[in-house]
4 protein chains.
Amino acid sequence: MSDHRSGPVRSAAAREAILDATAALFDRVGYDHLTIEGIAREAGVGKQTIYRWWPSRGALVAECLVGRRLFPDFDVPDTGDLLADLDTWLDTVLGVIEAPSGGDLLRSLVAAAAEDPAVGGHLSEGLGIERSLAARLAAGVRAGQLPVDTPAPQLGEAILGAVIVQSLGRSDDHAALRRLVRFLLRSPTADA
Amino acid sequence: MSDHRSGPVRSAAAREAILDATAALFDRVGYDHLTIEGIAREAGVGKQTIYRWWPSRGALVAECLVGRRLFPDFDVPDTGDLLADLDTWLDTVLGVIEAPSGGDLLRSLVAAAAEDPAVGGHLSEGLGIERSLAARLAAGVRAGQLPVDTPAPQLGEAILGAVIVQSLGRSDDHAALRRLVRFLLRSPTADA
Amino acid sequence: MSDHRSGPVRSAAAREAILDATAALFDRVGYDHLTIEGIAREAGVGKQTIYRWWPSRGALVAECLVGRRLFPDFDVPDTGDLLADLDTWLDTVLGVIEAPSGGDLLRSLVAAAAEDPAVGGHLSEGLGIERSLAARLAAGVRAGQLPVDTPAPQLGEAILGAVIVQSLGRSDDHAALRRLVRFLLRSPTADA
Amino acid sequence: MSDHRSGPVRSAAAREAILDATAALFDRVGYDHLTIEGIAREAGVGKQTIYRWWPSRGALVAECLVGRRLFPDFDVPDTGDLLADLDTWLDTVLGVIEAPSGGDLLRSLVAAAAEDPAVGGHLSEGLGIERSLAARLAAGVRAGQLPVDTPAPQLGEAILGAVIVQSLGRSDDHAALRRLVRFLLRSPTADA
DNA sequence: TACTAACCGAGACGGTACGTCGCGTCTTCAC
DNA sequence: GTGAAGACGCGACGTACCGTCTCGGTTAGTA
């Protein structure tokens, strides 16, 4: 007895080549200008092999995103000093997206998220917002550095959102973002 | 003194028709699926007339944006109650982007901003963030409802950013956004 | 042994439809006004399918020409009476090119030949000059009705050339052409 | 009493510039690729000035043709030796149309004649067929070197036609044309 | 001398066609 | 019986010219 079907099984090599090609081209040319034919060419694969397994360009990008093929990990350290840790994270993130064509990378991802729900659903996750940023904020709450009712996930998304809005505006104001973070984390009692 | 050249002058009728068509199609089909040929057809205009005056699809959208042809005005009332006013604004905004294909509208705009610097440069402005939201926050500062060092523009962009991130994630959590706003506006002395 | 590549094969149906459409449109609208887009539309085919296989509009016309899709066959009978046979041929040819828009047909073909070497190379052949006219002249030589050193192919081309020159001049002088043919075939000994 | 209209009169300078530009561009790029806008640009003239005075591209070319701006004069000498004179003429003509892009010149002219009646009507004339070739043949008739009933104009056109047909075929067979001329001029009594 | 109408350059306009690229589907052949 | 290769109908791209039109500036002639 066997529920194995006959014939070759999905080619893992092809799958890898396709995802690698997607990530490489996404990096090189951005989301618009990312084409199925280009991916197939780059991966040495037939178009049909792509269409067989992924419904859309966006689904490919989404899979690259969750597979961490697109961005480095943006981890937030935990030294105990919440503000300093967030500054470190901000430096890392801004460092990447200000690198030559790094901003294009973030904007490309936003474009992909806007166009394709599959990408959108993994945007925060793919950038490590929940895993790192919100987690660090939650740790800050536990440590008493933030109010107990702090909505950590939303706060993380607001910070990410501020970075995105600034990137969309092609502006590049580190100081403003630092000021924002400082304001967001202001100690409610410190001013009292 | 004269930098006038002779010859026919730019047709105002064509310009209007093109911008109207752009806004109408943007609404109807979204940013991807928005084509120059479609705009020309809708406007009853030759393609070349578009290419003569605008360098890209994005530039057209940007001009619609600054000309307030794309979104209703998202004004923030000023009743004296900052939190209530922001709730009102949030209701308005979320009401629009949750309308059938309203979310598509915001996401389309984000896609346009990601692709084209001209749109990006006018994103906040076109949504009235500076004019209305940041201005209301600044008024709150003057009224003593927010700390004097509140970075109002950045705070406005963070709120917009949170809305955008949520929209990109195709989530729809009013309550979370309200909680965020409440948290952001928490009175530093109220908790003391 | 194999220079076969894998993959789909050229569609015979598309090829037929394209050539038919080309011939039909050539007839209907002439060589200028013959457009690739028009052919594609008429044939129910994508433009790219045309560009994939033919380098130019002229190449299409040339292929119609050699495939005898453009002109009826201009055969020269052989009754033994050379002069009468040529008169018959002349009647046929002039009958066609004087039909409403028949002259346009010949001139269109000349225009195509002038613009595109592929057409030019098949002009005489496509009109049956070598196959019919020159062959009949050669038969006349063998029958002693023309000198043995008669350059039959060139003579055929000269007759065709006279028809073409007259057609280009939009003149319509049957009698002159008959006189010319009579003169060209004048028996060297008959006058002695 | 006066039917003079007021205002400036047609600019001779513009007319000259346009015809010169037409001839120059015809030479340089051929009849197809000859555009009204290109002529206007080359001549430093507004398009409307062209459309005001000429109905079509062909009319411009025709006027260049009759104004002898396009071809050198193809004169036939008259040394008394008809055959030698025609050989000389043939050498001249073939020399021009075999020059680099000289064949393009003749073919361009044929294309123009095929497309535009105005050009067609002046083709023979513009090439000097009637004025020179037919006249020389007629002189040959008068000198008894050709039969008295020789249709000189048609014979001239047949010779021109043979040259054209050969040029359209992109062939280049001097000897064949010489043989043809020899045959056409064969003395009817010499063989007797 | 001033008026005025036609000509001039320049070029914007609504169009049509160009030749190219990518889409998503379908078909063939080799492994 | 999968997977590469790629042809297919389709639609949009951005460009070149078409022939018409509208400008401001520049001449002639009247008046």
Side-chain angles (χ1 to χ4, degrees), chain A residues 5-11 13-14 32-41 43-53 55-57, chain B residues 2 4-11 13-15 17 33-41 43-53 55-57, chain C residues 2 4-11 13-15 17 33-41 43-53 55-57, chain D residues 2 4-11 13-14 17 33-41 43-53 55-57:
Chain A
R5 41 173 198 70
S6 72
V9 98
R10 176 174 183 180
S11 158
D32 51 332
H33 305 138
L34 179 70
T35 67
I36 299 281
E37 298 208 338
I39 293 168
R41 210 179 306 128
V45 134
K47 283 199 287 178
Q48 195 56 41
T49 305
I50 297 179
Y51 283 111
R52 204 185 327 269
W53 300 110
S56 70
R57 190 169 65 129
Chain B
S2 160
H4 299 329
R5 47 163 209 73
S6 81
V9 97
R10 178 171 185 180
S11 157
R15 182 176 174 278
H33 305 137
L34 179 69
T35 67
I36 299 283
E37 296 210 338
I39 294 169
R41 208 178 307 126
V45 137
K47 277 200 285 181
Q48 198 56 49
T49 300
I50 298 179
Y51 284 111
R52 187 160 20 239
W53 301 108
S56 68
R57 194 168 62 129
Chain C
S2 160
H4 298 330
R5 46 163 210 75
S6 80
V9 97
R10 178 171 185 179
S11 158
R15 182 176 174 278
H33 306 136
L34 179 69
T35 67
I36 299 283
E37 297 209 338
I39 294 169
R41 208 178 307 126
V45 137
K47 276 200 287 182
Q48 198 57 48
T49 302
I50 298 180
Y51 284 111
R52 188 162 16 242
W53 299 109
S56 69
R57 193 170 62 129
Chain D
S2 157
H4 295 335
R5 32 165 211 75
S6 74
V9 99
R10 177 173 185 179
S11 158
H33 305 136
L34 179 69
T35 67
I36 298 281
E37 298 208 337
I39 293 169
R41 210 179 304 128
V45 134
K47 282 199 286 179
Q48 194 57 34
T49 303
I50 298 179
Y51 283 111
R52 199 179 344 258
W53 301 109
S56 70
R57 193 170 63 131

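Chain naming here is simple, since letters A, B, ... match the order of the sequence lines and numbering starts at 1 in each.
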- request: Measure from the side-chain heavy atoms of C:Pro8 and tell me the nearest of F:dG9, E:dG11, F:dA7.
  value: F:dA7
- request: Could you pull out the closest heavy-atom pair between D:Ala43 and D:Ala17, with the gap in Å?
  value: CB-O, 3.5 Å
message: Rounding to an integer number of Å, can you tell me how far C:Ile36 CD1 sits from E:dT16 C1'?
response: 14 Å
- prompt: With no angle test and no hydrogens, is the base of E:dC21 tied to the side chain of C:Gln48 by a donor-acceptor pair under 3.5 Å?
  reply: yes
- line: Comparing B:Gly7 with A:Leu34, nearest DNA chain E nucleotide closer to 5' gives the residue B:Gly7
query: Does some side-chain heavy atom of C:Trp53 sit less than 4.5 Å from a side-chain heavy atom of C:Arg15?
result: no
task: In whole angstrom, give the distance that lies between atom CD of A:Glu37 and atom C1' of F:dA7.
output: 11 Å
- line: Atom NZ of D:Lys47 and atom P of E:dG14 are separated, to the nearest Å, by 14 Å
- request: May I ask you to evaluate whether A:Trp53 reaches the phosphate of F:dT2, defined as a side-chain N or O under 4.0 Å from OP1 or OP2?
  value: no
message: Within the 4.0 Å heavy-atom criterion, would you say B:Arg41 contacts the bases, only the backbone, or no part of the nucleic acid?
response: sugar-phosphate
task: Could you state the atom-to-atom distance from NE2 of D:His33 to C1' of F:dC18 in whole Å?
output: 16 Å
statement: Rounded to the nearest 0.5 Å, the CD atom of D:Gln48 sits from the CD1 atom of D:Ile36 at a distance of 11.0 Å
- request: Would you kindly give the CD1-to-P distance between A:Ile39 and E:dG22, to the nearest whole Å?
  value: 12 Å
- request: Could you check B:Val9 against C:Ser11 and say which one's nearest nucleotide on DNA chain F is further toward the 5' end?
  value: C:Ser11
query: Which distance, rounded to the nearest 0.5 Å, do you find between the CZ of B:Arg57 and the OG1 of B:Thr35?
result: 8.5 Å
task: Check every strand shown and say whether D:Gly38 touches a base, only sugar-phosphate, or nothing at a heavy-atom separation below 4.0 Å.
output: nothing
message: I need the minimum non-hydrogen distance between A:Gly46 and A:Ala40, along with the two atoms involved.
response: C-CB, 4.3 Å
query: So which one's nearest nucleotide on DNA chain E is more toward 5', B:Thr49 or D:Gly46?
result: D:Gly46
message: Without decimals, in angstroms, what is the distance between B:Arg52 CZ and F:dA16 P?
response: 13 Å
Toward the 5' end of DNA chain F, by each residue's nearest nucleotide, C:Gly44 or B:Tyr51: C:Gly44
task: Whole angstrom is fine here: how far is it from CG in A:Asp32 over to C1' in F:dC13?
output: 14 Å
